[in-house]
Student: 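I have a structure I would like to understand better, so I am pasting it below and will then ask my questions one at a time.
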2 protein chains.
Amino acid sequence: MSVGIKDVARVAAVSPATVSRVLAGRAVDPAMRDRVVAAVRETGYRPNLAARRLRSRHSNTIGLIVADIRNPFFTAVARMVEGIAYEHGLRVIFSNTDEDAAKEAMYLQLMQEERVTGVILAPTRHGVDNIAQYQSDFPIVLIDRAASDGACDSVVLDNGAMAARLVAHLHACGHRRITGLFGTATVTGNERCAGYERAMADFGLSAHAVRVPHERAEAERIVTDLLADESRRPGALIVSNGVMLLSVLRAINALGLTIPRDIAITSFDNEPWMEFVGGGLSVIEQPVEEIGRVAVTMLLDRLDHADQVTRRVVLAGRFIARGSAG
Amino acid sequence: MSVGIKDVARVAAVSPATVSRVLAGRAVDPAMRDRVVAAVRETGYRPNLAARRLRSRHSNTIGLIVADIRNPFFTAVARMVEGIAYEHGLRVIFSNTDEDAAKEAMYLQLMQEERVTGVILAPTRHGVDNIAQYQSDFPIVLIDRAASDGACDSVVLDNGAMAARLVAHLHACGHRRITGLFGTATVTGNERCAGYERAMADFGLSAHAVRVPHERAEAERIVTDLLADESRRPGALIVSNGVMLLSVLRAINALGLTIPRDIAITSFDNEPWMEFVGGGLSVIEQPVEEIGRVAVTMLLDRLDHADQVTRRVVLAGRFIARGSAG
DNA sequence: ATAGGCTGAGAGAACGTTTTCTCTACCCGA
DNA sequence: TCGGGTAGAGAAAACGTTCTCTCAGCCTAT
């Protein structure tokens, strides 16, 4: 039988309510407090969080649901969110949907059942469209991918501007035949694609955007097709994220091409290994820490001001020039 | 006010107990069952997990605590554990200690408070030594790093044999001056180091093992020192894990060396990008899926047979030969 | 036909906390 | 000195479920 608050109370010769007050740090006679603290130590008492949550009616827990844990960007964000939430005395329940709308719905349901304080969500394509009509008891902050309809608070990268930044870099390196590879499954892909096309137009270049599905084999096939024929091969590539980049590199490797001699590469997302490939990959690094911090802060803000108008925070990324653009 | 089981009962004109039985899938009159199901749908009822856990006295939750979420090996394991646990109807609470013994102790405490069914733990150095005397109400399965004292169930890689496999490969490639880089902080590092030294001895070679701390700057300095002087430079390196490998590659890059011309590299852990560096890195791939599956299975087994003798499952890795050994 | 067993439904206790309510004791000002 | 206000302690209710216990009704076997 595990030790409960009543056992502690008995040992300390006080009431259970007093033990509760000591544990919550409320005003208690110092002598009693000492007795309670001693009793807690002596009995090895650990509060039962289920009981605490049930009675107090708040879970002090936030949910974090990401669409693809294999994407290191999301693991980095998760790490930050966990740290920042902890600073605020909040626990984090973490879930991964693998870009599966059904899993996403299930996890949102689960968060509901856990009675979480709020949720930070990197939604699937389906989730973005349906989040407005999904009614939950907790506030949701969207990260990385957000509809522009303002149904939720959100924090996103300035995708259009960052895509343009990559175009500008490639242009400055002398490239003119620049192809953009963007995901089919996310609004992020849409925004980056739009930014790319606008920037290309600004430079008087004709844009050539290719939409690449998330599924790996398919992605590799498409990229291989794109690069196989030397006469049609673009001079430079803009890749929409770190996962897609792997497919691109596999295709390039399989075709025996060299970066940047045969083709220039730039990409979104920065990872430690990217400085070792293709003479160092030139990339947009996302402000991971800031994203996590802002997301948690917005969530807490929303809890205090439930009816405040929704906000959308747009963060700039950092361009890192290395050698892959020639 | 949120809707509870009593509200559903009222709508369905049955008792709360019957609603509970329907939800738990127990035998109930079909007509009643239909009424309850309809009422649940109509009211949008979501069970309160805190209340359920409090009353039923089991959380259906396992804890997963890893020492370093930045290590992709652990994120891969986490993904698998989550999936497999889900198949068994178990939720997973995920935590990351960043190799910090204090955080580890805190999270173990937290798991206690959550009344988890069991914990899967990749312990810090300190945790390995103290896990025996840390008494918890739940069983613990150690992964990746486990003391050999049999205090807990554990599932680990056959570290010694795998290190020997790398030595054999390098030897076959003609290398004789093979240096091993192993972590200071883990028993895993110890085991791999021992396997390396034994294999070197078997080949009649003199071993040169260097212990590298987890801290990045320090690691980089040590590796740079090791490789800077051409006359003392080893011909080949065995690197103990994917995180350390990044420090090694940074040092190699900074010194302007080329793999495998100036130095051969082999490592533990396989990640997607490794085929693109140094002509493809030859590595030991860990059986991530199997590790996750075995860990969960052992945990469930232990719950059924609390007093069974502890087991240690040792899994083989897969050697992947690419070009980095010359 | 009737006793005995079995199935399934409802009433109410129980899970381990926090919170509300009540009461005592003390302090301060008049 | 006395009254009013306040601080802090204990008793008991409450949180939303599941579980235990009781009992009704039905089926089967003798």
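Letters go in sequence order (proteins before strands), and every chain restarts at 1.
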Student: Please classify the nucleic acid contact of Ala27(B) as base, sugar-phosphate, or nothing, using heavy-atom distances under 4.0 Å.
Tutor: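 Sugar-phosphate only.
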Student: To the nearest angstrom, how far is Arg26(B) atom CZ from dT20(D) atom C1'?
Tutor: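 Taking atom C1' of dT20(D) as the reference, CZ of Arg26(B) is at 11 Å.
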Student: Roughly, in whole Å, what's the span from CZ in Arg33(B) to C1' in dG8(C)?
Tutor: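 Taking atom C1' of dG8(C) as the reference, CZ of Arg33(B) is at 12 Å.
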Student: May I have the distance from Gln112(A) (atom CD) to dG16(D) (atom P), rounded to whole angstrom?
Tutor: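 In whole Å, dG16(D) P lies 14 Å from Gln112(A) CD.
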Student: With rounding to the nearest 0.5 Å, note down the distance linking CD1 in Ile5(A) to OG in Ser15(A).
Tutor: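 Reported to 0.5 Å precision, the distance equals 9.0 Å.
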Student: Asp98(A) versus Arg79(B): any side-chain heavy-atom pair under 4.5 Å?
Tutor: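 Yes. Closest side-chain heavy atoms under 4.5 Å.
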Student: Using atom CD1 of Ile5(A) as one end and atom P of dG16(C) as the other, report the distance to the nearest whole Å.
Tutor: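 Rounded to whole Å, this separation is 12 Å.
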Student: Taking the basic N atoms (NZ, or NE/NH1/NH2) and the acidic carboxylate oxygens, is any pair closer than 4.0 Å for Asp301(B) and Arg311(B)?
Tutor: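 A salt bridge is present here (some side-chain N lies under 4.0 Å from a carboxylate O).
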Student: Does Arg145(A) pair with Glu99(A) as a salt bridge, N-O distance under 4.0 Å?
Tutor: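 Salt bridge flag = yes for Glu99(A) with Arg145(A).
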Student: Separation of Leu49(B) atom CG from dT18(D) atom P, in whole Å?
Tutor: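 Those two atoms, CG and P, are 10 Å apart.
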Student: Taking for each residue the nucleotide of DNA chain C bearing the nearest heavy atom, is the 5' side occupied by Leu54(A) or by Val28(B)?
Tutor: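 On the 5' side of the pair lies Val28(B).
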Student: Out of dT19(C), dG12(C), dT17(D), which nucleotide sits closest to the side chain of Ala17(B)?
Tutor: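 My answer, after comparing the listed nucleotides, is dG12(C).
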Student: Give the rounded distance in Å between these two atoms: CZ of Arg57(A) and P of dT19(C).
Tutor: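 The distance from CZ of Arg57(A) to P of dT19(C) comes to 11 Å, rounded to the nearest Å.
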Student: Between Thr18(A) and dA9(D), does any side-chain N or O lie under 4.0 Å from OP1 or OP2?
Tutor: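 No, because none of the side-chain N or O atoms of Thr18(A) sits under 4.0 Å from OP1 or OP2 of dA9(D).
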Student: Could you check how far NZ of Lys6(B) sits from P of dA13(C), rounded to whole Å?
Tutor: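 Going from NZ in Lys6(B) over to P in dA13(C) covers 12 Å.
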Student: OP1 or OP2 of dT18(C) versus the side-chain N and O atoms of Ser20(A): is any pair under 4.0 Å?
Tutor: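 Affirmative; the distance criterion is met.
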Student: Considering every strand and a 4.0 Å limit on heavy-atom distances, what is the contact class for Arg21(B): base, sugar-phosphate, or nothing?
Tutor: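 Counting heavy atoms under 4.0 Å across all strands, the contact made by Arg21(B) includes a base.
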Student: According to a strict under-4.0 Å criterion, is Arg55(A) in side-chain N/O contact with OP1 or OP2 of dA14(D)?
Tutor: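 So the side-chain polar atoms of Arg55(A) never come under 4.0 Å of the phosphate oxygens OP1 or OP2 of dA14(D).
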Student: Mind calculating the distance between CG (Asp29(A)) and P (dT24(C)) to the nearest angstrom?
Tutor: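 Atom CG in Asp29(A) sits about 19 Å away from atom P in dT24(C).
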Student: To the side chain of Ser15(A), which of dG10(D), dT19(C), dT17(C) is closest?
Tutor: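 Between dG10(D), dT19(C), dT17(C), the one nearest the side chain of Ser15(A) would be dG10(D).
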Student: Going through the checks in order, is the salt bridge (charged side-chain N to carboxylate O under 4.0 Å, His left out) test met by Arg91(B) and Glu114(A)?
Tutor: CA-CA 11 Å; Arg91(B) 226 165 311 298; Glu114(A) 294 274 8; 3.6 Å; yes
Student: Is there a side-chain contact between Ser56(A) and the phosphate of dT18(C), meaning an N or O under 4.0 Å from OP1 or OP2?
Tutor: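 Result: no.
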